Q: 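Please see the structure below; I have some questions.
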Amino acid sequence: MPELPEVETVRRGLTQLVEGSTIKTVDVLYAKMINLPPDDFKEALRGKRIEKIDRRGKYLFIRLSGHLTIVSHLRMEGKYDVEPEGSPIDKHTHIIFHLTDGRQLRYNDTRKFGRMNLVDTGTEMQVAGLKTIGPEPTEKDLTVEYMKRIFAKSRKVIKPFLLDQSNIAGLGNIYADEVLWLSKINPKQPVNTISLAKIKVLRKNIIDELARAIAGHGTTVHSYSTAYGEAGQFQNHLNVYGREGEPCPRCGTKIVKIKLAQRGTHFCPKCQRLRGVKK
DNA sequence: CTACTTGTTGGTAT
DNA sequence: AATACCAACAAGTA
């Protein structure tokens, strides 16, 4: 399940592999994946050069000649693979970009949740999900002032608040649990009850954890791999996610798993006490 | 067969 | 208005 670090890893892999390549033709094997009628999608992409790959949150922007951008969201299990012509088509391959050099860029997605929107470059922020996207989790964009402001004005509990991409871009279920553990904050803590000191700790952990995950090429929880086919390394670093019943790496207490906002939520009941609110 | 998982949107209920 | 909850999407696993 790609979160920001995995998407960034894919961006880097695609940049190395297909930046500068030219699309010859496109096959659409699953039409619901795209925002245009397949014939329009194919026709618009014919002969376009892949100029650059950008990223915003979990969204990839494939910049093409002709002032076009493919906005690609991998959702749960989307992947890009580069294959030579003639290599067998996987049953979960949904879009094939035939390149003029004979290689193929293939979009694979077991659950068909991923989406591609072909839009005019400059209008990509009008794609659903990007209109309201929050700041990137970086030192520069995710300021203390911003965090302080959004935390003060909401009574939502922190875990679903972190998953809401309009607050901060890029956190998914794994890293949300991880940064809360790192910051010793209970997933059910209402955000307006979190002290400024804790907000600063959380901010630093979000920025640092995602940077570390990018450095480790993302995480492998299900079937994630980079565009090179190499597995991510980061799963070795997860402290609470997927570790229900195992000892907390900090205090040894058993990690608990609960359901919060319909999502599996892992935390240490001792390190991450709920502060000053009744349950 | 059921329940559960994931990210995101969109609708309804409180 | 803000929040909470649910369904939908799709397919795999237990």
Side-chain angles (χ1 to χ4, degrees), chain A residues 1-10 28-35 55-61 71-80 90-95 107-117 124-134 136-137 149-179 187-194 206 210 213 218-225 232 234-235 238 240-245 255-266 277-279:
Chain A
M1 46 208 102
E3 304 187 21
L4 186 150
E6 293 74 33
V7 178
E8 176 59 19
T9 302
V10 170
V28 176
L29 285 63
Y30 182 67
K32 287 172 75 176
M33 188 132 281
I34 57 178
N35 66 324
R55 180 191 57 74
R56 179 74 169 87
K58 303 176 196 172
Y59 294 81
L60 288 168
F61 298 152
V71 178
S72 171
H73 196 298
L74 306 174
R75 292 286 184 105
M76 308 281 303
E77 301 197 32
K79 298 168 199 58
Y80 284 97
D90 186 275
K91 66 185 268 206
H92 301 300
T93 297
H94 306 305
I95 311 276
Y107 179 74
N108 300 304
D109 192 335
T110 315
R111 301 214 186 150
K112 299 181 174 173
F113 266 27
R115 290 293 176 262
M116 278 185 213
N117 287 68
E124 59 272 353
M125 297 312 283
Q126 290 167 39
V127 170
L130 283 163
K131 288 178 189 167
T132 56
I133 198 166
E136 288 290 304
R149 178 157 49 83
I150 63 169
F151 277 58
K153 73 178 187 192
S154 173
R155 274 163 287 182
K156 281 189 187 171
V157 301
I158 184 72
K159 167 75 186 277
F161 188 83
L162 289 180
L163 291 178
D164 184 342
Q165 304 296 299
S166 67
N167 291 319
I168 301 169
L171 289 169
N173 209 33
I174 299 173
Y175 296 111
D177 283 359
E178 291 297 314
V179 299
K188 289 174 119 168
Q189 194 73 41
V191 299
N192 63 342
T193 66
I194 298 174
I206 290 169
L210 293 181
T219 180
T220 301
V221 166
H222 277 175
S223 50
Y224 165 76
S225 64
F234 201 73
Q235 71 276 19
L238 298 179
V240 283
Y241 187 87
R243 294 187 178 277
E244 180 185 17
I255 298 298
V256 167
K257 181 177 182 182
I258 60 168
K259 184 154 279 198
L260 195 47
Q262 283 72 50
R263 295 292 175 241
T265 297
H266 313 72
V277 267
K278 33 185 172 164
K279 294 198 275 190

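First the proteins, then the strands, lettered A, B, ... as listed; each starts at 1. Keep in mind it's a predicted model, so treat the numbers as computed, not measured.
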Q: For a quick test of reading the model, state the closest non-hydrogen atom pair linking A:Arg56 to A:Ala169 and the distance between them.
A: NH1-CB, 3.8 Å
Q: Please report, rounded to the nearest Å, how far the C1' atom of B:dT6 is from the CD atom of A:Glu3.
A: 10 Å
Q: Please pick, from C:dG12, C:dA10, C:dT3, the nucleotide with the shortest atom-to-atom distance to any side-chain atom of A:Lys156.
A: C:dT3
Q: When you measure from the side chain of A:Arg115 to the backbone N and O of A:Lys112, does any donor-acceptor pair fall under 3.5 Å?
A: yes
Q: How is A:Lys159 classified with respect to the nucleic acid when contacts are heavy atoms under 4.0 Å: base, sugar-phosphate, or nothing?
A: nothing
Q: Provide, to the nearest angstrom, the distance between the NE2 atom belonging to A:His73 and the C1' atom belonging to B:dT6.
A: 11 Å
Q: Contact class for A:Lys91 (heavy atom, under 4.0 Å): base, sugar-phosphate, or nothing?
A: sugar-phosphate
Q: Using heavy atoms to find the nearest nucleotide of DNA chain C for A:Asp109 and A:Pro160 separately, return the residue whose nucleotide is more 5′.
A: A:Pro160
Q: Between A:Ala261 and A:His92, who's closer to the 5' end of DNA chain C by nearest nucleotide?
A: A:Ala261
Q: Over all strands shown, is A:Tyr30 touching base, sugar-phosphate only, or nothing at heavy-atom distances under 4.0 angstrom?
A: sugar-phosphate
Q: Step by step, work out the salt bridge (Lys or Arg N to Asp or Glu O under 4.0 Å) result for A:Glu3 and A:Lys58.
A: CA-CA 6 Å; A:Glu3 304 187 21; A:Lys58 303 176 196 172; 5.6 Å; no
Q: Check whether the side chains of A:Ser72 and A:Tyr80 place a donor and an acceptor atom closer than 3.5 Å, and report yes or no.
A: yes
Q: If you check the A:Lys112 side chain, which of B:dG7, C:dA11, C:dC6 turns out closest?
A: C:dA11
Q: As a test of reading the structure: which of C:dA10, B:dT9, B:dT6 is closest to the side chain of A:Arg263, going by heavy atoms?
A: B:dT6
